[in-house]
Structures are given as C-alpha cells and as structure tokens.
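In what follows, chains are A, B, ... by sequence order, proteins preceding strands, each numbered from 1. FYI, side chains are in, hydrogens and waters are out, and symmetry mates aren't considered; it's all heavy atoms of this structure.
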Amino acid sequence: MSRKFDIKFGTETFKAWYVDKTATARLALQALKPDVLLGLDCETMALPKYHHVSQAALSPHLSSIRLIQIFDGKLSIIIDLLKCKGELLESEIRHLLETRRFIAHNAVFDLAFLKRQFRPRSIDCGCTFIAFKLLAHAARPTDDGLRAGLDAVTKGLCGVEVLKSNQASDWSVPKLTFEQIEYSALDPVCVLKIAEKMAPALEKYKLYDFYNLLKAAQHPIVEMHLNGIGFNSKEHIELVSGWREKLYAAKKILLQQTGLDDITGPKVAKWLETNLEKRILDDWPRTDNGALKTDAITFSDFGAVSPAVKPFGAFQKYKVLTSDFGGKLLQQLNEETGRLHPQYHICGTRTGRLSCSKPNLQQSPRDKDFRSQFVPSKGMVFVGADYSAIEMRVAAEVSRDPAMLKAFKDGLDLHMMLGSEIAGIDIETLPKEKCDRYRQMGKVGNFACIYGAGAKTLASQARKAMDDTSITETQTGEIRDAHRRRWAGYRAWHVKLYEKCMETLRVRTVCGKLRRLAPEFCYGAAPNTIIQGSSAGCMLQSMVLFQQMIDKGLKAKLIATIHDELIAECLPQDANEVKETLEYAMVEGFKRVFPNGCTKNLVEAKIGNNWMELK
DNA sequence: TCTCTTAGCGCG
DNA sequence: AAAGCGCGCTAAGAGA
C-alpha cells in the first residue's frame, strides 16, 4: 500500500513517499524536482535461487534491486521494485538515470545493479564515499580508526545520528516493515546532506580535478566487475595438488629436523631461539615484539651462515601458495556466471592506486601455470598491455633528471645504465658475461633507490632477487652511491621534495591527489606517492578513454587492470582493432597526465588465449 | 566461539 | 646521517 509520511533529519523535516503500485511509481518519478542534484540509494535482495549463497545480495549477478530511493532536497521517494513492474516504468527509470545528475555513497555498488537492471547508456553519478576518502587522505596521516560508512560520515559531518540497522535487514520479505521503509527513505537524504558539506572542502583542498577523474573511472570499473574474468578450474585443481605434494615433502623434512609437532612461524621462531648458536642469534633480526623474524628474506640472508635454516624457505613458499591461492579462488567463482568478479576499490590506497579484493587479482603469483588459468570467454581472445617501466618514466618526468629523460628519449635501458655505473665501466666495454649480473643489480637499485632505500634494505632485496647470499652492505652502499651519481638530478629532486614535505607534511600527485604525511614518511612515502600515484592516474585516464571507445561501438569488453596492466577481451576477428585502440588509449592516458611526456616504447599490446600469453 | 592484532608474503 | 612504498589475504595466537 503506497504511503506518504514525514521523515526527520536532525532538526529538519522532509516528505517521503513509498510506492508499491506501478502507476503511482510513475507519478512519484514525475514529482521529483527538475534540474537539481538527486541523492540516490538502492537496497538489494538475493534472487530466490541464490538464497543459499552467503552475501548473495551484494553480488549484482545473484540479486536484484528491491528499493530505489531518490531524494530531491524536499521529497524522498522509495520505489518498491518487487511490487512495481513493467516496461513503461523501466523505460522511465532508464530515462531518469540518463538525464539527471545523481550522488550516492559508494556509488559503484548501486551503479553495478542499476546498469544491469536498466541498461542506461550512461549515468552521471557522484560518490560521497570517494569524496570522503579523498578528504580524509588530505587531512589525516593514517586511516586508523576511520569509519567511512554512510552512518558514520553523516554523524561526523552533520552531527545527525542515523541507525544503519536497516542495511543488514532482509530486503526480500514480501511486506517490508514501516521501520525498514522509514530508514530507507533517510539514506538518500544523508547522501545529499553530506555531499553539501564536502563540496567546499574538496574546493579548498583543490581536489576536484582528481575527484572528477575518479568519478569518470567508476564507469570502466563497474564494467570490469560485472564482466569478471574466466577461470580454468580443472587446471587449477591439478596445479594446486602439485603444490600440496611439494608442501608435504618440505614439511616432512622439517618435522624430522626440528622435532616440532607443526611448522608455524611462532613455533619455528622458538625453535631457532633454542637451537642456533649465540653469535648467529645476536645478528638475527627481530619483530616489533622481540621474536625472531621468520620471513623469507631472513632465511635467505642467514642460509649461508647456518645450513639448518635453509629448508624453511622452500616450505614457506608452498605454504603461502596453497593457503592463499589453493582452493580459495574456486570458492569465489560466481554461481551465475561461472567467472571470478573481483571488486576494484576506487581510492582504495592513499596514493591514488586502485585496490582489489574478492579475489585480489593484483597479488596473483607470476607463476606461468597459475596465470594461464585466467582465460577469456569461449570463442574470445584477450588483448592486454602494460606500461613499460612506468614508475621510472614518471620519476624522470617529475624530477626532470636530464639523464633519465634523455635515456627514455633515446630508447635506452635504464637498468643497464645504472649497472654499468655500478661496475664503473662503460656499457660498450662491459664484458658480455658480466652484463646480466650488473643489469640485475641496476634494476634492484633503480626500484629501491627512487624511494630512498638504504644499503641494508638494498642488500636484502639484492640477495633475494639475485639469489646470492654473499652480497654485502658495503657493496649495496656502492649501488646507492652509483644511483645518486647516475641520476644526480633525481637525487636533487628527492632531497628538495623531502625538505619541502617536512614543512608542509603534504604531498600532491601530478593528477591532483593530496596526501597528508607523518614526518617519518616524508623521506620514502613522499616520492612514492608522487610516482606511484601519478602512474596510477595514467591508468585511470586510459581506462576511461578505452571504455569511451567501447561505448562508441568498439567490439570489446574491459576485463581487468593490475596497476600498470590493462586487459580486455574480444572476438578474434576484432583483435587487431582492439589492440590498436588499447595502445592508443594507454598512450593518450599517459599524455593526459604528462602532456609533453616521452611516449617512446611506452606501450605494446598483445593478443593471447590466457593471461600468461599477454606477457 | 568470536574478534582483533601481528607476522608474513603474494603482486606492482 | 640515515630512512622503500602501496595494497589484501592467511594463519596463529591472544584476549574477550
């Protein structure tokens, strides 16, 4: 039964209108004030056939929208889509979505459902969650204790208490309680109210340009989530059983050697404490709580001095592979699509990168057999590309180091260049058999030193990367010095940035994201934020551009992004066109951030039948 | 039994 | 003078 009632937001009172008749729903839509920004929220419910799936209501493939709530500043309408149906209503909602401006809290969630259910050509929708995170990162040095839920933000910005109990309630019941309806009416009100509070702050911190980029990026990001990625379960199961065998073999040896009942980090630490010689224990690194560290780098560092610690490394590798990537992925396959549907979190990091979860595609092992399990839909191919040495490129662009800039312009190998500096010999005269080793040292040096790593960190990194426990801190101190000589302009930029940062305690990426830093982070995190964050901005721009090409008719789907890599899929006969378009979008995305930047050898896309083949 | 923290590790 | 950074996920262990 349709119902009109009053709702209170603090001291203000607004009208609300719950509608459960199709004809009335159309009247309610027409009652919305024209031309104003609209607060938007949806409540979703699992489809009956997926009631057994936990959290099904969060997946757009396993559930549908129960309520759409829209607030125009005076009136909040709640349309019950379980009761209101029909093509006419659907086309009117689609028209509303295509022609009005909206704002929602964590809009990517609502957008995924709205896109699937109403297929609008586009939706102009801002996001108060993104805005809140941007402001938090600009104002606070850490995220500790930060709550970004709609209720917490409303309390924080407007001082108004709203119960969020409705969010977890069952939205699939045939007849909603009045409480459910009342609270659902309030959600879009909260969104519009906090948006009004945040707008001047975004202006003040000069965050609007970056906010608008993230707002645009919602579209490709929702597409990637909805599209998902194919996964070969059969091959995966075989690979994992191989890992398990290796794990058990390594475990058996260790159990015999140590006499322990199980091999766990804390137990191993205790065993080492009682079994290693004192002179080794004195040098062994410890955790914050005083226990012996039991990580791979420590084992690799001490493998040379004590043969007893060597077998722990291999065990750990397979322990992680089986627990993180064995079986867990299969559980996340979507029952409706049979695919993985990772979630990308806009503003999920303080630098401006995306983060990813359920599953986190970004941490997939580089193992060939593993990556080859990610596949296109039947009859399709992958087209993928990554930015070549994007962080070094951005380091060159922001620092204006003449040697780095020239190296990119001439298409040279920057790792080899640092390698020859370390060797103290010109590249041409460097003996062939020594080239690989020095290049690898140069690579480790380039990646660690731009963020201020010292000899100690560098030594651990080099020992692991080069599988050589004999590398000393004296040697890596020389790598650091060589880096400062070879890229002297970069060093000067870094020092200057550090000094400025210690005064302002803030750093801004080229794309405009502002980050507040604690003083102890001004040395390493400041250059990292600028370089990593601006690189991420290039990718955001390129995703937006590529999706625009798709909207204009390019026959492709966006599938995934892994920081500097973008993957699409298409029919084989369209692959060449898609490949060219992807390269264009990524080069253009870089140029949006660095209009005069060097794009030589920046991107080369590949066509393949699985993720591994794109490398 | 559940929740929270710590240590460790996968990736870029 | 010296200082790697950014995530998400898992198991183990501690505490409520």
A/Y451, nearest nucleotide to its side chain (from C/dG4, B/dG10, C/dC7) =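 Of the options given, the side chain of A/Y451 lies nearest C/dG4.
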Closest to the A/T349 side chain: B/dC11, C/dG4, C/dC7?
->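 Looking only at heavy atoms from C-beta outward on A/T349, the closest nucleotide is C/dC7.
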Please name all residues satisfying salt bridge (charged side-chain N to carboxylate O under 4.0 Å, His left out) with [X], sequence neighbours left out, ordered by chain then number.
X: A/D467; result: none
X: A/R480; result: none
X: A/D413; result: A/R439
X: A/R244; result: none

What protein N or O atoms touch nucleotides 2-6 of chain B N or O atoms at under 3.5 angstrom, if any, and at what distances?
unit_1	atom_1	unit_2	atom_2	d
B/dT6	O3'	A/N289	ND2	3.2

Name the pairs: protein N/O against N/O of nucleotides 9-16 of chain C, kept only if under 3.5 Å.
unit_1	atom_1	unit_2	atom_2	d
C/dC9	OP1	A/K358	N	2.9
C/dC9	O4'	A/Q363	OE1	3.4
C/dT10	O4'	A/D324	OD1	3.2

Specify the residues of residues 597-615 of chain A, ordered by number, for which at least one heavy atom lies under 4.0 angstrom from an atom of DNA chain B.
->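 Per residue number, the list is empty: none.
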Kindly write out the residues that satisfy ring pair (Phe, Tyr, Trp, His ring centres under 6.0 Å) with A/F325, not counting sequence neighbours, or none if the list is empty.
->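 Per chain and number, A/F325 pairs via ring pair (Phe, Tyr, Trp, His ring centres under 6.0 Å) with A/F370.
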Using ring pair (Phe, Tyr, Trp, His ring centres under 6.0 Å) as the criterion, list what pairs up with A/Y248, not counting sequence neighbours.
->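 A/Y248 satisfies ring pair (Phe, Tyr, Trp, His ring centres under 6.0 Å) with no other residue.
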For DNA chain C, find the residues of residues 509-536 of chain A with a heavy-atom distance under 4.0 Å and give them by number; none if there aren't any.
->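 Residues of residues 509-536 of chain A under 4.0 Å from DNA chain C: A/R515, A/Y523, A/G524, A/A525, A/N528, A/Q532.
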Among residues 129-146 of chain A, which contact DNA chain C at a heavy-atom distance under 4.0 Å?
->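 Those residues: none at all.
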Annotated structure of DNA chain C as dot-bracket, pair cut-off 3.5 Å, Watson-Crick or G-U only, | for inter-strand, is ....||||||||||||
